[in-house]
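Read the structure below first, then the notes.
Reminder, nothing fancy here: chain letters follow the sequence lines and each chain counts from 1.
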Amino acid sequence: MVPFRLAAARPIIGSNIRPARGRQGEPTMRLQSTVAIAVASLAFAFSPPAAAADEPVCASCHQGAHDSIALTKHGAKNDAMGSMCQACHGDASKHLEDPMKNKMVNRFAHATASEKSAVCLTCHAGNRHLAFWESGKHAKNEVACSDCHNIHDKQKTLPVGPFTTTQRPIEADTCGRCHKQVRNATMKPSHHPILEGKVKCSDCHNPHGALTHVMLKHETVNQQCYSCHADKRGPFLHSHPPVEESCITCHTPHGSSHEKLLADKAPNLCQDCHVTGRHPTNFYGSGQAWLLPDGNRNASPSTRFIARGCLNCHNQIHGSNAPGTRGQAFIR
Amino acid sequence: MNRKLIALLVANAFAAPYAFADDPPSDFRYSGTVGLGGMHTDDKDAPDASKLNEYRDLSNGVLSIFDIKGRGSRYWFDLFGENIGRSDEYVDARGGKYDSFKYRVYTDALRHNFLFDGRTPYTGAGGPVQAATFPRLDPSQWNAVNSGYKRRDTGVMFELQSANPWYARIDANQVNWSGSKPGSSSQGTSPGNGFVELQLPVDYITKNAQAEAGYNTRRMHFDISYLASKFENDNKTVTWTNGYYANGTDTTYLAQDNRYQRLMGNATFRQLALDTTLAMRFTLDELKSTVPIGTSILGSTGLTPISANVQTYDGKVKNQTFTATASSAPMKGLDTRIYYNYRKRDETSTEVTFSDGAVAEPFSYTKDNAGFDVYWRLGRANRFGGGYDWLDTKREGRDDFDRTKDQRVFLEWRNNSLDDLAMRLKYQRLDRDSNFLHANDGTSTSDPNYLNRFVTAFDLSNVTQDSWKLTLDYTAFGALDLGFEGIIKNNKYKDNTLGRLKDDRREVYLTASYAFGPAARFTVFGDNEEIKYDSTHRVIGDNTKPNPYDPFSAPNASNYNWGGKIKDRNWAVGAAFDWQATERLVLKASAIYYKTDGDVDLSLQEGVPSSVVRPLPVTSWDDTKKKSFNLKGVYAFSKTWTFTGGWAYERYEYSDSQMDGYQYTVPGSSNQNAYLNGTYARPQYSANILYFLVNYRF
């Protein structure tokens with residue numbers, strides 16, 4: 001097997017791909033929206049016609065591959081000698097001499113994950129968001145950059161999802177190719193708006209590596225949840241210990257069949273801890289529901305069971321600022 | 001404000017290259033798509049269409065999209081926007097100059113709907129003052145009410161890279177929430193006093209700002225950052241008429257303003273000895289909130305004073321964390337990682353004692369966590385892994401457990417000896433040993449405190465967890481992909497007598513995907529999941545009978561144990577098809593069927609006299625069926641014009657014992673009525689959605 005060669009930061013053949021620095025004293029931008037629109041319109045109207053871009057020599061045979069990156073950051077910095085192509089695929093000099101006989105140096109099809117990632121890391125290792133790549137679970141579990149970032153190829157797997165009003169690609173479709181059950185959970189009746197395009201996997205997890213368990217962006221589960229749900233931060237006058245301990249004591253963030261992403265419903269969820277005396281210890285079944293099992297109306301449904309169960313009264317379950325025992329019982 | 005922001009983003013996206021350029025950007029190219037269309041939704045079968053519109057804006061109206069890119073050898077930008085003017089509007093502008101700077105400006109709107117066409121006896125529902133005159137048992141005389149809030153997140157980011165390897169970055173965003181959300185409250189202090197459902201006001205603003213500076217090379221990274229976050233709530237309380245207390249004005253307390261700040265430092269050192277990467281992080285953060293303590297509570301005689309040892313609660317929580325990880329590849333095929341995490345939560349909030357005996361105590365903990373994992377590749381085909389994790393948590397302020405020790409072990413085997421088949425099998429075991437503070441409570445089985453010995457909250461009680469995970473991925477003929485994922489996870493709360501005894505989860509997921517050449521792709525999936533919770537509880541109706549507080553004692557008609565077995569089952573199947581039908585026409589279709597089915601089986605301890613009414617099982621426990629179908633055609637009229645048209649159908653059925661037969665009132669004696677407003681009661685719907693879009697590509 002040909003040893004996998006890490007691409008140099010600068011291509012072996014071709015021009016310097018580093019852009020020139022700008023001069024000092026560049027004009028500032030105007031902030032008034034109407035004036036900005038006028039300027040932009042003038043700029044666009046009088047912009048020189050787009051010069052035909054120099055296609056890399058590689059495109060003469062690999063037009064599709066060139067087209068797929070032409071408008072990406074990789075392709076935009078390419079040049080006629082295919083510097084950006086070679087940055088990943090290796091030195092092309094031998095390949096150009098005899099394309100049929102000499103394949104490119106770096107062949108990804110049978111490379112290991114670390115070999116593939118090493119090519120990307122040649123340029124990107126110094127990127128801020130890859131600071132913890134080596135320490136993260138993806139690197140340890142042999143996930144390569146190309147498993148998520150498809151530079152050229154069209155995705156073979158077609159994701160299945162309900163109708164949404166967003167046209168943007170859904171990040172969970174990429175993560176879900178490996179994390180299948182998590183992707184499935186996002187379709188449960190109670191879910192974060194992930195498939196609706198409003199919450200992404202990377203809002204909570206750092207796929208490029210993190211030092212936390214399950215690669216959360218924040219230090220603890222609670223701090224992660226509070227980054228969006230700041231109203232739950234507290235600290236509250238009366239706190240609820242399992243809330244302080246971890247939000248996932250009661251909630252299952254990827255999706256649930258129960259409202260509010262609860263792992264289970266009240267009263268059962270509450271009764272798993274509250275088993276001492278008075279009404280928490282009573283059983284609540286369909287004999288306490290609106291309708292009896294025979295379909296007839298129940299003359300005395302229990303307010304501890306119907307609707308939201310315990311939460312009908314103990315609504316301030318994440319913590320309360322009410323004085324006295326009413327706050328302590330989360331009923332105010 | 002939003003229209004200005006959008007105009008500004010669009011303008012700057014085009015103007016930026018010219019504003020910053022020192023030479024005319026002759027290699028700068030624009031391309032993109034703009035689209036305009038519409039949507040029509042027919043949901044007239046829905047008694048409450050909030051579930052259909054939970055996070056989506058399916059209202060009839062205009063759809064829009066723009067996706068514009070600019071690329072040059074020095075500058076770039078991406079400008080994307082969709083659903084302009086709708087509740088789920090999104091605009092995102094990014095750009096920069098390569099190796100010099102980059103920026104992002106965005107606005108993202110969301111609506112979360114909870115209730116449409118509900119009814120409430122209150123005026124001012126959703127606001128800070130909600131009034132009514134009770135009793136009011138005829139819902140036909142009530143007011144209509146909807147519940148939901150709008151959330152808009154608007155932010156900026158700027159990163160300076162021109163001093164590479166040094167960089168500096170700022171991120172700032174503001175999240176505005178406005179509307180209402182479901183809430184409720186008991187009326188008296190006993191569950192028999194009835195309750196009211198309220199719509200609580202939501203008027204929040206969260207402002208976040210973070211500044212970061214760092215140093216980045218391939219061998220080293222370090223950065224330091226400071227984050228400040230402020231949460232503000234326009235409504236710290238909501239007052240509402242309490243019919244049980246003679247229509248007096250009662251108060252529910254909502255979230256107070258809070259302020260959070262965090263200092264964080266990260267460092268990574270690569271290419272150390274034995275191909276080691278050392279990564280470290282520390283954080284120091286502080287959360288504060290000041291609560292003026294209420295001085296009265298509503299009772300049967302009106303407002304009653306309540307006092308505390310202080311007038312103001314100063315909430316303060318500090319956290320310190322430190323993490324260090326060393327990942328190495330000491331020899332070919334061997335990957336190792338050792339790590340240590342330290343977490344300390346120190347709450348120094350005011351300790352408050354109330355005149356009615358309630359006490360508010362702070363909660364603190366320290367966590368020490370260390371572990372390692374090792375992966376060894378045996379040839380190309382096999383990779384074995386194993387690891388050990390230890391977590392020691394010491395707590396103050398939690399009265400049932402003060403210390404837990406978790407030990408976790410995992411073993412893993414990956415095999416791809418067949419080129420087209422990859423397998424991963426993982427086993428993990430968790431053992432938790434907890435120090436229970438009430439193990440010796442009570443002097444005798446007639447002492448109420450004796451029962452505390454048997455009450456162990458499952459989140460911290462002793463537990464053993466076994467979990468298995470198997471994944472298989474198979475690619476055949478280069479075009480067929482098959483996937484399987486199976487999980488078994490069992491928790492046994494081995495020393496629990498009352499409360500949760502065990503929970504089990506099993507899930508199987510299968511998927512198949514096939515590409516019919518470049519012209520068509522087909523994917524199908526199926527999933528089945530079952531989750532079970534088992535628990536035991538004790539009813540004590542008469543503490544004069546023998547051994548009332550001993551769950552191991554013989555039952556009688558007043559004191560006995562009962563058990564609950566909860567089962568949640570979920571099934572999902574779906575398929576998607578993508579077909580280049582003709583040179584210009586692409587057809588896309590998807591169909592999903594998702595079913596959830598829960599039940600609760602209740603049983604009494606053996607030997608309970610027949611005079612005790614037996615519990616009836618719950619056969620509908622969030623039972624749902626959702627059928628989704630989407631058919632879309634995309635016709636490329638020319639290189640620049642594309643027409644898209646589609647039809648989506650959704651049907652959602654719902655049944656639950658807590659909601660079936662729902663009524664707006666539960667009459668009770670002596671003003672102990674319960675008043676409800678319809679939240680979550682009737683989410684079922686059936687909807688047809690038609691949409692079209694005309695896109696211009698340039």
Side-chain angles (χ1 to χ4, degrees), chain A residues 19 22-23 26 29 33 36-37 39-40 43-44 50-51 76 125-126 131-132 134-135 157-158 160 162-163 165 180-181 184 189 193 196 198 211 219 230-231 233 235 237 241-242 244 249 257-258 272-273 275 279 283 285-287 289-291 303 312-313 315 321-325 328 331-332, chain B residues 4 7-8 11 14-15 18-19 22 29 55-56 71 74 98 110 184 186 191 195 206 216 218 221 231 253 255 258 268 277 279 291 294 306 313 315 321 323 325 327 354 356 358 363 398 457 459 485 498 500 509 513 521 523 527 562 574 576 596 602 615-616 618 622 624 628 630 648 657 661:
Chain A
R23 287 199 304 251
E26 285 131 347
M29 284 204 292
S33 58
I37 292 170
V39 168
F44 189 57
F132 295 137
E134 295 84 357
S135 312
T157 307
L158 185 62
V160 187
F163 171 78
T165 56
K180 300 175 174 64
Q181 294 171 18
N184 181 64
E196 289 85 349
K198 295 300 177 182
L211 303 183
E219 298 307 297
D231 58 315
R233 269 191 207 147
L237 176 54
E244 303 290 291
T249 300
S257 53
H258 306 300
D272 278 348
C273 291
V275 288
H279 61 279
F283 53 77
S286 55
W290 298 101
L291 300 176
T303 55
N312 291 333
C313 294
N315 185 72
N321 291 321
T325 53
Q328 199 170 48
I331 59 173
R332 287 292 184 277
Chain B
K4 272 194 192 173
L8 190 65
F14 287 101
Y18 299 94
D22 46 7
R29 292 176 290 170
Y55 297 116
R56 300 175 293 186
R71 293 286 184 271
R74 280 177 285 159
Y98 296 116
L110 160 72
S184 56
S186 64
F195 70 93
T206 305
N216 252 336
R218 269 179 279 167
H221 166 95
F231 168 79
Y253 292 74
N258 61 60
T268 300
T277 298
V291 179
I306 181 169
Y313 167 75
T321 72
T323 298
T325 301
S327 305
F354 290 93
D356 65 359
F363 173 65
R398 181 153 170 171
D459 65 326
E485 189 170 276
L498 297 177
R500 188 178 293 185
Y509 185 98
S513 179
R521 294 180 300 163
T523 296
D527 183 272
W562 60 273
T596 67
L602 303 168
L616 297 176
V618 177
D622 281 333
T624 67
S628 311
N630 189 14
S657 288

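Looking at B:S657, both its backbone and its side chain come within 4.5 Å of chain A, counting heavy atoms on both sides. Of the atoms belonging to A:E196, it is side-chain heavy atoms, and not backbone ones, that fall under 4.5 Å from chain B. Heavy-atom distances place both the backbone and the side chain of B:Y253 under 4.5 Å from chain A. Looking at B:S184, the atoms closer than 4.5 Å to chain A (heavy atoms on both sides) sit in the backbone and in the side chain alike. Residue contact with chain A, scored on non-hydrogen atoms closer than 4.5 Å, involves the side chain of B:N630 exclusively.
Between chain A and the residues B:L602, B:T321, B:T624, B:L498, the largest count of heavy-atom pairs under 4.5 Å involves B:T321. With chain A as the partner, the residue from B:S628, B:G294, B:A648 showing the most heavy-atom pairs under 4.5 Å is B:G294. Interface remark: of the candidates B:T325, B:V618, B:D356, B:V291, B:D356 forms the most heavy-atom pairs closer than 4.5 Å to chain A. Your options are A:G287, A:P189, A:P162, A:A289, and the one with the most heavy-atom pairs under 4.5 Å with chain B is A:P189.
With sequence neighbours excluded, the residues forming a side chain to side chain contact (heavy atoms under 4.5 Å, CB included) with A:Q328 are A:H238, A:T325, B:A358, listed by chain and number.
In this structure, A:F132 and B:T323 have side chains that are not in contact, with every pair of non-hydrogen atoms separated by 4.5 Å or more. Put simply, the side chain of A:P235 does not reach to within 4.5 Å of the side chain of B:F363, judged on heavy atoms. The closest side-chain heavy-atom distance from A:C273 to B:R500 is not below 4.5 Å.
Between B:Y55 atom OH and A:K198 atom NZ the span is 12.5 Å, to the nearest 0.5 Å.
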